[in-house]
Amino acid sequence: MHVLVAISGRDCSKIIAALAAKLPDITISQWPDCENLTDVEFVIAWLAPAQMWPQLPNLKAVSSFGAGVDSIDMNLIPDSVAVTRIVDDNLAEDMAEYVLTHTLAHKLRLKEYFIKQQNQLWQPKRAFKHQHVAMLGFGELGQRCAQRLVANNFSVTAFSQSPKDIAGVNSIHQRSDLAKALPRADYLVCLLPLTAQTKGFINRDLLAQLPPHAVVINVARGQHVVEEDLLWALDNQVIRAATLDVFEDEPLAAEHPFWHHPAITITPHCAALSDVDSVTQQIAENVQRLQTGNKLINKVDRTKGY
């Protein structure tokens, strides 16, 4: 079997070395420095170039290198090809810790005190009493985040396409229920999958439904947020603040207004970084399953996009 690594924007040498150690009898190559594309049956992809896909006539399976599959254009891949994603327990723990940390940071006014420190201002204030989190998206990452928040005395309402039964969490799936939850949300955490339906989900209309003290925390994809609408909401005190780990274009351009906005906290897409060994172990298992004709793990529903 021939496995092709097609991951844009990073050095893939450690990934290929880890896969080679786990799959010693498998041919592993990297796009575009590869031969015999007709032999390729399995591709590991992240922002793979469109011109690559038509050159793989015997492709059987594609694995995203991340928890989402939005970097893969499903329209370029035959329906017969299985698509899988990464479900990493370490990733979920990292994400839960990040979301809890930044929720508490806003509750405890940490950015406000950081700015005051630069100006040598001694102005203590009580922490906010805000305790309600509205979560958009309730998959594996969302569920782990919700559990961590509940364990730290936050109340959580989670919106997803279908209802989930997680102790201590109010799970909703109707847009009418979301409309009722938004005015009570102290913090809005986005963990949606990126699909045609969720692109631009956090827009002016949604932001206007939040209370003025609300904080938006986006750890999903930058395309979930309409950037101009978020700036409008912050500049007009429609909401209080935002923490953003993901952006429509990454890295964030030097001239982007988010960099210096006093109400925005930026992190460089680091909320939950994939561990190479853990991810390649999962990919190697799927390569072996494909070899032996067994069912692949963590397959996505291509009609839903997750």
Side-chain angles (χ1 to χ4, degrees), residues 1-13 15-16 18-19 23 26-88 91 137 139-141 161 191-201 220-226 246-251 269 274 276 279-280 282-291 293-306:
M1 181 180 288
H2 187 171
V3 173
L4 179 62
V5 177
I7 301 173
S8 298
R10 67 175 292 167
D11 178 0
C12 294
S13 55
I15 297 168
I16 292 172
L19 285 169
L23 300 167
I26 299 293
T27 300
I28 301 170
S29 57
Q30 181 176 358
W31 175 270
D33 304 319
C34 48
E35 299 177 356
N36 302 322
L37 290 176
T38 56
D39 295 339
V40 172
E41 295 181 63
F42 195 107
V43 168
I44 304 159
W46 186 265
L47 297 175
Q51 70 268 25
M52 179 191 77
W53 300 109
Q55 301 179 54
L56 307 174
N58 293 307
L59 182 63
K60 294 183 174 63
V62 177
S63 172
S64 170
F65 192 69
V69 294
D70 49 280
S71 74
I72 300 170
D73 189 342
M74 301 290 185
N75 296 318
L76 301 177
I77 303 172
D79 292 340
S80 59
V81 174
V83 179
T84 67
R85 64 187 185 91
I86 299 302
V87 177
D88 186 350
L91 206 69
E140 285 90 354
L141 296 181
Q161 188 173 29
L191 275 159
L192 289 166
L194 183 60
T195 66
Q197 291 72 38
T198 64
K199 185 176 181 180
F201 198 90
R221 291 288 184 263
Q223 292 86 344
H224 286 121
V225 174
V226 179
V246 288
F247 307 90
E248 191 162 352
D249 295 307
E250 296 180 1
H269 203 148
S274 299
V276 169
V279 170
T280 54
Q282 195 171 126
I283 292 170
E285 181 176 348
N286 265 340
V287 171
Q288 293 166 338
R289 283 171 174 264
L290 185 64
Q291 266 190 310
N294 290 320
K295 184 178 179 181
L296 303 187
I297 60 173
N298 301 322
K299 284 183 66 175
V300 304
D301 183 337
R302 293 186 53 170
T303 64
K304 294 181 178 179
Y306 56 91

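Put simply, CG on D88 and CG on L141 are 9.0 Å apart, with the number rounded to the nearest 0.5 Å. To the nearest 0.5 Å, atoms CD1 (I44) and CD1 (I86) are separated by 8.5 Å. Atom-to-atom distance recorded for Q282:CD and T84:OG1 is 7.5 Å, nearest 0.5 angstrom. Distance check: T38 OG1 to L59 CG gives 12.5 Å after rounding to the nearest 0.5 Å. One finds the NZ atom of K60 at 12.0 Å from the CG atom of L296 (value rounded to the nearest 0.5 Å). Atoms CD and CD1, from Q30 and I7 in turn, are 8.0 Å apart once rounded to the nearest 0.5 Å.
A donor-acceptor contact shorter than 3.5 Å links the side chain of T198 to the backbone of P193. No donor-acceptor distance shorter than 3.5 angstrom exists from the side chain of N58 to the backbone of E41, with no hydrogens or angles considered. The closest donor-acceptor contact from the side chain of E250 to the backbone of V246 lies at 3.5 Å or more, if one exists at all. R85 places no side-chain N or O within donor-acceptor distance of the main-chain N or O of G68, the cut-off being under 3.5 Å.
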**OP:** Report the C-alpha separation of V81 and V43 in whole Å, then their side-chain angles, then the decisive distance to 0.1 Å, and conclude whether the side chain to side chain contact (heavy atoms under 4.5 Å, CB included) test is met.
**Re:** CA-CA 10 Å; V81 174; V43 168; over 6 Å; no
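Closest non-hydrogen pair, Q51 versus P54, comes out as O-CD, 3.5 Å. The two residues H2 and N36 come nearest to each other via the heavy atoms ND1-O, 3.5 Å. Heavy atoms only, all atoms of each residue included: I297 and N286 are closest at N-OD1, 2.8 Å. Considering all non-hydrogen atoms of both residues, A45 and S71 come closest at O-OG, 4.3 Å. Taking all atoms of both residues into account, the shortest heavy-atom contact from L290 to A61 is CD2-CB, 4.1 Å.
Within the 4.5 Å cutoff, the side chain of R302 has no heavy atoms near those of the V69 side chain. In this structure the side chain of Q161 never reaches within 4.5 angstrom of the side chain of Q197, judged on heavy atoms. In this structure the side chain of I15 never reaches within 4.5 angstrom of the side chain of I283, judged on heavy atoms. Side-chain contact check for L37 versus W31: some heavy-atom pair is nearer than 4.5 Å. Here the side chains of I72 and V62 are in contact, with some heavy-atom distance below 4.5 Å. Put simply, the side chain of V300 reaches to within 4.5 Å of the side chain of M74, judged on heavy atoms. Using a 4.5 Å cut-off on side-chain heavy atoms (C-beta onward), H224 and L194 make contact.
Exactly one residue among S64, S8, C12, S63 makes a side-chain contact (heavy atoms from CB on, under 4.5 Å) with W46. That residue is S64.
Sparse packing is recorded around CD of E35, with 12 or fewer heavy atoms of other residues, nucleotides or ligands lying under 6.0 Å away.
Taking the side chain to side chain contact (heavy atoms under 4.5 Å, CB included) definition, one finds that S274 meets it with L91, V279, sequence neighbours left out.
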